[in-house]
Amino acid sequence: MDLQITTTKALIGINRVPGKMEIKQPKADVTLNIEHPKLEIHSEQVKVQIDQYPCRAEEGLKNYIDLTKDNAAFAKQKAMEGIARIVSQGNQLAAIQNGGNPIADQAEENAYNLFDKEFNFDLIPKSRPKIDFIGGKVDIKFIEGKVKPQVKVNKPIINYTVGKFEIYLRQKNSINIEYVGKKFNQLG
């Protein structure tokens with residue numbers, strides 16, 4: 001008995017769709033609050049005072065107070081010199097018995113020697129002007145700047161597509177049994 005058996009294997013097919021993941025990371029939002037540094041400069045104007053009074057006083061251009069004081073001192077000095085001269089001459093006359101010629105000497109002194117003057121030439125002024133500087137202060141104040149960062153972190157955006165597997169039967173299995181003999185034993 002001849003049998004022919006033909007088998008066909010079952011075949012499966014797989015369709016695969018891969019998973020997909022997309023990640024987007026937005027940048028962080030950064031805000032900077034900046035306080036700029038400041039430099040404050042306060043300056044006071046310089047005042048220059050020039051006092052030429054000492055130079056002018058040497059030229060004889062004094063104020064009335066100094067002029068009065070100088071004249072009073074000069075007058076006092078001359079009065080004292082005159083008193084001393086008169087006392088000296090009185091003492092000479094009081095001692096006339098000691099000899100000499102005090103009257104003639106005093107007459108000559110009072111007539112000529114009393115008015116002898118010396119003259120001198122000089123350059124003026126000898127003093128320098130008085131120069132004063134007032135003020136001129138400079139105050140420098142530095143105020144530090146600040147940077148205040150504000151950071152907002154953004155979350156990542158994740159999109160995930162799940163992969164798929166599709167399994168299907170591409171070919172069915174089968175068994176085919178076929179009799180290929182010439183005779184069929186009906187008895188058997």
Side-chain angles (χ1 to χ4, degrees), residues 18-95 102-163:
K20 189 175 181 182
M21 180 179 284
E22 294 178 359
I23 299 174
K24 293 181 181 177
Q25 178 62 57
K27 294 182 179 179
D29 295 329
V30 178
T31 304
L32 297 177
N33 292 328
I34 300 173
E35 293 180 20
H36 295 284
K38 293 180 182 177
L39 183 63
E40 295 180 356
I41 300 174
H42 299 280
S43 62
E44 181 182 350
Q45 294 290 328
V46 177
K47 293 180 181 177
V48 179
Q49 288 185 342
I50 301 174
D51 186 9
Q52 294 184 337
Y53 181 73
C55 305
R56 299 289 183 187
E58 291 174 358
E59 295 173 2
L61 302 174
K62 297 180 181 179
N63 61 23
Y64 70 95
I65 296 172
D66 291 339
L67 187 60
T68 303
K69 288 180 182 177
D70 288 350
N71 285 336
F74 181 75
K76 183 178 179 182
Q77 178 188 357
K78 291 301 178 185
M80 298 306 272
E81 289 175 2
I83 291 171
R85 181 180 49 84
I86 291 170
V87 168
S88 173
Q89 289 176 353
N91 290 337
Q92 289 176 358
L93 289 177
I103 295 175
D105 293 341
Q106 290 179 10
E108 182 181 351
E109 180 181 352
N110 291 339
Y112 301 109
N113 298 339
L114 187 61
F115 299 104
D116 285 344
K117 299 292 180 188
E118 293 182 9
F119 294 97
N120 193 7
F121 294 96
D122 200 0
L123 299 175
I124 55 171
K126 294 191 178 292
S127 301
R128 294 181 179 178
K130 185 178 179 184
I131 300 173
D132 292 325
F133 297 95
I134 300 171
K137 294 181 181 177
V138 178
D139 293 329
I140 299 174
K141 185 177 181 182
F142 178 72
I143 301 171
E144 293 182 1
K146 295 179 181 176
V147 178
K148 296 178 182 175
Q150 292 180 347
V151 180
K152 179 183 176 188
V153 178
N154 293 320
K155 295 180 180 179
I157 300 171
I158 301 173
N159 289 326
Y160 178 70
T161 305
V162 179

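Here the side chains of Ile34 and His36 are in contact, with some heavy-atom distance below 4.5 Å. Residues Lys141 and Lys38 fail the side-chain proximity criterion, which asks for heavy atoms closer than 4.5 Å.
With Val151 as the fixed residue, the side-chain contact (heavy atoms from CB on, under 4.5 Å) test singles out one of Asp29, Val30, Leu32: Val30.
When all heavy atoms of Leu114 and Arg85 are compared, the pair lying nearest together is CD1-NE, 3.6 Å. In plain terms, the two heavy atoms of Ile23 and Pro156 that are nearest each other are CG2-CB, 4.3 Å. In this structure, Ser43 and Val138 approach most closely via the heavy-atom pair CB-CG2, 4.2 Å. Considering all non-hydrogen atoms of both residues, Leu61 and Tyr53 come closest at O-CE1, 4.1 Å.
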Practice prompt. List the steps and the verdict of salt bridge (charged side-chain N to carboxylate O under 4.0 Å, His left out) for Lys24 and Glu22.
Written response: CA-CA 7 Å; Lys24 293 181 181 177; Glu22 294 178 359; 5.2 Å; no
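A donor-acceptor contact closer than 3.5 angstrom links the side chains of Gln89 and Asn110.
Distance CD1/Ile41 to CD1/Ile140: 5.0 Å, rounded to 0.5 Å. The structure places CD1 of Ile50 at 8.0 Å from CZ of Phe133, a figure rounded to the nearest 0.5 Å. In this structure, the separation between NZ on Lys155 and CD1 on Ile157 is 11.5 Å, given to the nearest 0.5 Å. Atom CG of Asp116 is separated from atom CD of Glu109 by 10.5 Å, given to the nearest 0.5 angstrom. The structure places CG of Asn33 at 12.5 Å from NZ of Lys146, a figure rounded to the nearest 0.5 Å. A distance of 9.5 Å separates CD1 of Ile124 from SG of Cys55, quoted to the nearest 0.5 Å.
Annotation: salt bridge (Lys or Arg N to Asp or Glu O under 4.0 Å) contacts involving residues 126-138, sequence neighbours excluded, comprise Asp122-Lys126. Applying the salt bridge (Lys or Arg N to Asp or Glu O under 4.0 Å) test to pairs two or more places apart or on separate chains, those with a residue in residues 42-71 are Arg56-Glu59, Lys62-Asp70.
Atom CD of Glu40 is surrounded by more than 12 heavy atoms from other residues, nucleotides or ligands within 6.0 Å. Within a 6.0 Å radius of CD1 in Ile103, other residues, nucleotides and ligands contribute 12 heavy atoms or fewer.
Side chain of Thr68 to backbone of Tyr64: a donor-acceptor contact under 3.5 angstrom is found.
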